[in-house]
S.K.: 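Attaching a single structure in structure tokens format; questions to follow.
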There are 2 protein chains.
Amino acid sequence: MSAQSDNHAVLCEQLKACDVRPTPQREVVLKSILEKRDHPTADEVFARVKATMPSISLATVYNCLETLVSCGLVRSVNFERGPTRYCPNLHPHAHFHDVASGATHDIDLPESVLAKIKSVLPPGYAADSVEIVFRGKATPSARN
Amino acid sequence: MSAQSDNHAVLCEQLKACDVRPTPQREVVLKSILEKRDHPTADEVFARVKATMPSISLATVYNCLETLVSCGLVRSVNFERGPTRYCPNLHPHAHFHDVASGATHDIDLPESVLAKIKSVLPPGYAADSVEIVFRGKATPSARN
DNA sequence: GTAGTAATTAGAATTATTCTAATTACTGAT
DNA sequence: ATCAGTAATTAGAATAATTCTAATTACTAC
């Protein structure tokens, strides 16, 4: 339990800083994502969160996730048509989707590469975001 | 109607070259994608194809699209959790998703940029494919 | 021409997500 | 503190895209 994710006051501050009312549900959903550095689906978040808040509903989990994504505290990622996954890593990064294990790895994106990627856009195209997804196989030693 | 997409024999050859039986349904589905250089959904392909083959079923359209994608004659693209779209452009390219209009534009990817992108992968990561999706707004003049 | 396999089909089933309408919990003004 | 108004939560129904199922039809090779 890092001070970052386990502390009630810190989570509240993060939410308030985004102009979001710090409800217990939002806190516990945010905490469940920040504390594990993986890429859970809404269902997985629901399962985790029920451990500490058994009364929470799936609809609320969806609502909280949507709120957290739109205020920028978590990111969402999609692989093909699979269920949306949620990502605590806010630094610019790509995703590597291991088809063998189903696991998702964050791949750091240096500023220079990001700049090179954006340079492919012809004039008239204004991008708010870029999503880069690799698909392939990672050796077991390549852990994240 | 280009010779590429409108010719029965050419379509057959493309399918046979992939070890896929050239059925009338597969031909007409492939043709409907090749002839328009856009990014239709399965439903849109279904609608187009019914014009020339009213008896075709949606399940068959899905089956044909799956076959065509897995033999590499068309590509599939996804934007968030939206319906899968199909793309006739087989050259390496990124996609620009215009949030205002919903339109999708192909963005050519020079080999040098592709190489730079792949260079971010640490050892142990073997990527079969990379998907690059920009989200933003394109000026009306930026036509594809 | 027939047996065996592959493709197509209609409709049911599934999955992830969103919507609806009701309840509960806050907030700010008094 | 009290109350009105708004925001958040909830359970369950509804939706959308896709996949599955089981039956039929069409090929292919002998």
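Values reported hereafter were calculated over all heavy atoms of this structure, with side chains retained and with hydrogens, waters and symmetry mates removed. Computed from a predicted model, the values in this text were never measured in an experiment. Letters A, B, ... mirror the listed sequences (proteins, then strands); counts begin at 1.
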S.K.: Using a cut-off of strictly less than 4.0 Å, decide whether Thr84(A) has a side-chain nitrogen or oxygen near OP1 or OP2 of dT17(C).
M.R.: yes
S.K.: How many Å lie between CZ on Phe46(B) and P on dT8(C), as a whole number?
M.R.: 14 Å
S.K.: Can you name the one residue among His91(B), His39(B), Arg37(B) that meets side-chain hydrogen bond (donor to acceptor under 3.5 Å, both in side chains) with Asp106(B)?
M.R.: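 Exactly one pass, corresponding to His39(B).
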S.K.: Can you identify which nucleotide, out of dA7(C), dT9(D), dA8(D), has its nearest atom closest to the Arg21(A) side chain?
M.R.: dA8(D)
S.K.: Does Arg81(A) place a side-chain N or O at less than 4.0 Å from the phosphate oxygens OP1/OP2 of dA17(D)?
M.R.: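 No, because none of the side-chain N or O atoms of Arg81(A) sits under 4.0 Å from OP1 or OP2 of dA17(D).
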S.K.: Looking at residues at least two apart in the chain, or sitting in another chain, which of them share a side-chain hydrogen bond (donor to acceptor under 3.5 Å, both in side chains) with Thr84(B)?
M.R.: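 side-chain hydrogen bond (donor to acceptor under 3.5 Å, both in side chains) check on Thr84(B) returns Asn78(B).
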S.K.: Answer with base, sugar-phosphate or nothing: what part of the nucleic acid does Thr41(B) contact at a heavy-atom distance below 4.0 Å?
M.R.: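 If one applies the 4.0 Å heavy-atom cut-off, Thr41(B) turns out to touch nothing in the nucleic acid.
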S.K.: Any side-chain N or O of Ser57(B) less than 4.0 Å from the OP1 or OP2 oxygen of dT8(C)?
M.R.: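 Negative; the distance criterion is not met.
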S.K.: Between atom CG in Asp19(A) and atom C1' in dT6(D), what is the gap in whole Å?
M.R.: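 Computing the Asp19(A):CG to dT6(D):C1' distance gives 16 Å.
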S.K.: Are any of Thr23(A)'s side-chain N or O atoms less than 4.0 Å away from OP1 or OP2 of dA25(C)?
M.R.: no
S.K.: Tell me: CD1 of Ile56(B) to C1' of dA26(D), nearest whole Å?
M.R.: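 One finds 15 Å between C1' of dA26(D) and CD1 of Ile56(B), rounded.
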S.K.: Please give, in whole Å, the distance from dA16(D) C1' to Leu58(B) CG?
M.R.: 12 Å
S.K.: Measure the distance from CG on Asp43(B) to P on dT18(D) and round it to the nearest whole Å.
M.R.: 8 Å
S.K.: More 5' along DNA chain D: Pro22(B) or Ala59(B), using each one's nearest nucleotide?
M.R.: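 Upstream on the strand: Ala59(B).
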S.K.: A side-chain contact here means heavy atoms from C-beta on lying under 4.5 Å apart; do Gln14(A) and Leu34(A) qualify?
M.R.: yes
S.K.: Whole Å only: how far is the NZ atom of Lys16(A) from the P atom of dA8(D)?
M.R.: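 Roughly 15 Å, once rounded to whole Å.
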S.K.: Between Arg26(B) (CZ) and dA26(D) (P), how many Å, whole number?
M.R.: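 After rounding, the gap between these two atoms is 15 Å.
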S.K.: Taking C-beta and beyond as the side chain, do Leu11(B) and Pro22(B) meet within less than 4.5 Å on heavy atoms?
M.R.: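 No, side chains not in contact.
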S.K.: What is the distance, to the nearest angstrom, from the CZ atom on Arg85(B) to the C1' atom on dT18(D)?
M.R.: 15 Å
S.K.: If you only use heavy atoms from C-beta on, which nucleotide in dT18(D), dT8(C), dT9(D) is closest to the side chain of Thr60(B)?
M.R.: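 Taking heavy atoms from C-beta onward, the closest nucleotide is dT8(C).
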S.K.: Considering just the side-chain nitrogens and oxygens of Tyr62(A), establish if one lies under 4.0 Å of OP1 or OP2 belonging to dT17(C).
M.R.: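 It does, given that an N or O in the side chain of Tyr62(A) lies less than 4.0 Å from OP1 or OP2 of dT17(C).
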S.K.: Verify the contact: side-chain N or O of Gln25(B) to OP1 or OP2 of dA26(D), cut-off strictly under 4.0 Å; return yes or no.
M.R.: no
S.K.: Hey, could you give me each pair passing ring-ring contact (aromatic ring centres under 6.0 Å, His included) that has a residue in residues 49-78 of chain B? Not counting sequence neighbours.
M.R.: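 Every candidate ring-ring contact (aromatic ring centres under 6.0 Å, His included) pair involving residues 49-78 of chain B fails, so no pair, neighbours aside, qualifies.
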